[in-house]
Amino acid sequence: MNVETREKLYEGKAKIVYATDQPGVIIQYFKDDATAFNALKRGTIVGKGVVNNRMSAALFERLARAGVPTHYLGTLSDREMLCRRLQIIKIEAIVRNIVAGSLAKRTGLEEGTPIKAPVVELYYKSDPLGDPMLNDDHVRMLKLATPAELAWIKRMALKINGVLRPHLKKRGLLLVDFKLEFGRSGKKLYLGDEISPDTCRLWDVTTREKLDKDRFRRDLGGIEEAYQEVYRRLVGEQRA
Ligand code: UDP
């Protein structure tokens, strides 16, 4: 693809976003830097950027085939993804199939408890506030999204879960929970950001071994190996 990188637009915890010579088109550059607990814990996961870039590309392509509009336009290199430029909606939508993390803490349910119908949660994407949970009324009060946009986001989050869950299961991965971000371009909404072991909880189907960022958050060791294993299952042996 013939695209020139221009100025840095934004540098986040795990990615850098660059403008390009094409209007409305940006490059996401995936770093190996890892943070957790609102950046209180910092580290490096060697090779993570490549895994997250390639895995996100594979899953965005799968979702596009299922009719989910995504910002993905193409892969430029191991760490660079070409994307449609979005005005990001400041909501993190989390979908849960199995109790883990903050849901276990909040409810007292044991981690690993199956959830009959997936749970969708909304969080305010705000580093200074530490991403607090929101309900629909808060979204309206803060004017983060219109009611129609919010309804679309929730519907799309469940649709994405319906596509990714069986896709990952076939490759030996349980999709425990994951985080999505959406954005506007013109009058349309698109799925943005990334879908990776940084933003999903993935457990081995048989052993229930954690193959995601919880290995970093909880100092479980074998972090790089877990990311490489996910890569091997989802990208290394890409199947239709
Ligand atoms: N998550 C994320 N970014 C965040 C918060 C959560 O990608 O800022 C993902 C996380 O990796 C997990 C899911 O969303 O797959 C649910 O996270 P949870 O609410 O349990 O919070 P955590 O235990 O990660 O603090």
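Each ligand, and each atom within it, is numbered from 1 in the order the structure gives. Note: hydrogens, waters and symmetry copies are ignored here, and every other heavy atom, side chains too, is used. Remember, it's a predicted structure, so these values are computed and weren't measured experimentally.
- Ligand 1 has no atom lying under 4.0 Å from any heavy atom of Asn38.
- The shortest heavy-atom distance from Lys213 to ligand 1 is not under 4.0 Å.
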Inset, instruction - Could you go through the side chain to side chain donor-acceptor pair (under 3.5 Å) check for Ser102 and Arg96 one step at a time? - result: CA-CA 11 Å; Ser102 70; Arg96 302 178 178 275; 3.0 Å; yes
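- Taking every non-hydrogen atom of Gly101 and a distance limit under 4.0 Å, the qualifying atoms of ligand 1 come out as 20 (O), 23 (O).
- Among all non-hydrogen protein atoms, the one lying nearest atom 23 (O) of ligand 1 is Arg201 NH2, 2.7 Å.
- Under a 4.0 Å criterion applied to the non-hydrogen atoms of Asp198, ligand 1 contributes the atoms 7 (O), 11 (O).
- Contact analysis puts Arg217 in contact with ligand 1, with a non-hydrogen atom separation below 4.0 angstrom.
- Under a 4.0 Å criterion applied to the non-hydrogen atoms of Cys200, ligand 1 contributes the atoms 15 (O).
- The local environment of NZ in Lys169 is sparse, with at most 12 non-hydrogen atoms from other residues, nucleotides or ligands closer than 6.0 Å.
- Both tests do not hold together for Lys90 against Tyr124: distance to the six-membered ring centre under 6.0 Å, angle to the ring axis within 45°.
- A donor atom on one side chain and an acceptor atom on the other are not found under 3.5 Å apart for Asp177 and Asn97.
- In this structure, atom 15 (O) of ligand 1 has a protein heavy-atom contact shorter than 4.0 Å.
- Hydrophobic clustering keeps Val17 apart from Tyr29 (ILVMFWY residues linked when any side-chain heavy atoms are closer than 4.5 Å, directly or through intermediates).
- Counting heavy atoms closer than 4.0 Å to ligand 1, residue Thr199 contributes atoms from both its backbone and its side chain.
- Using a 4.0 Å cut-off to heavy atoms of Asp177, the atoms of ligand 1 that qualify are 12 (C), 13 (C), 15 (O), 16 (C).
- Side-chain contact check for Thr206 and Asp204: at least one donor-acceptor pair (N or O, by modelled atom type) lies under 3.5 Å.
- Residues Asn53 and Glu194 are not in side-chain contact: their nearest non-hydrogen atoms beyond the backbone lie 4.5 Å or more apart.
- Residues Val99, Leu103, Leu109, Val119 make up the rest of the hydrophobic cluster containing Ile115, defined by ILVMFWY side-chain heavy atoms closer than 4.5 Å, directly or through other members.
- For atom 5 (C) of ligand 1, the nearest non-hydrogen atom of the protein is Glu92 OE1, 4.1 Å.
- Ion pairing between a basic and an acidic side chain is recognised when a charged N comes within 4.0 Å of a carboxylate O; Asp78 and Arg54 show such pairing.
- Salt bridge annotation for Glu149-Lys187: absent, with no cationic side-chain nitrogen under 4.0 angstrom from a carboxylate oxygen.
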Inset, instruction - Using the side chain to side chain contact (heavy atoms under 4.5 Å, CB included) rule, take Leu173 and Arg233 through it: C-alpha gap first, then chi angles, then the decisive distance, then the call. - result: CA-CA 9 Å; Leu173 296 170; Arg233 293 188 196 187; 3.7 Å; yes
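- By the 3.5 Å distance cut-off applied to N or O atoms, Glu121 is not counted among the residues near ligand 1.
- Listed by atom number, the atoms of ligand 1 under 4.0 Å from Asp131 heavy atoms are 8 (O).
- Counting the atoms of ligand 1 from 1 in the order shown, those under 4.0 Å from a heavy atom of Ser102 are 18 (P), 19 (O), 20 (O), 21 (O), 23 (O).
- Here Ala36 has no heavy atoms under 4.0 Å from ligand 1, in either its backbone or its side chain.
- Distance from atom 2 (C) of ligand 1 to its nearest protein heavy atom, with residue and atom name: Lys179 CE, 3.5 Å.
- The protein non-hydrogen atom at the shortest distance from atom 6 (C) of ligand 1 is Ile94 CD1, 3.9 Å.
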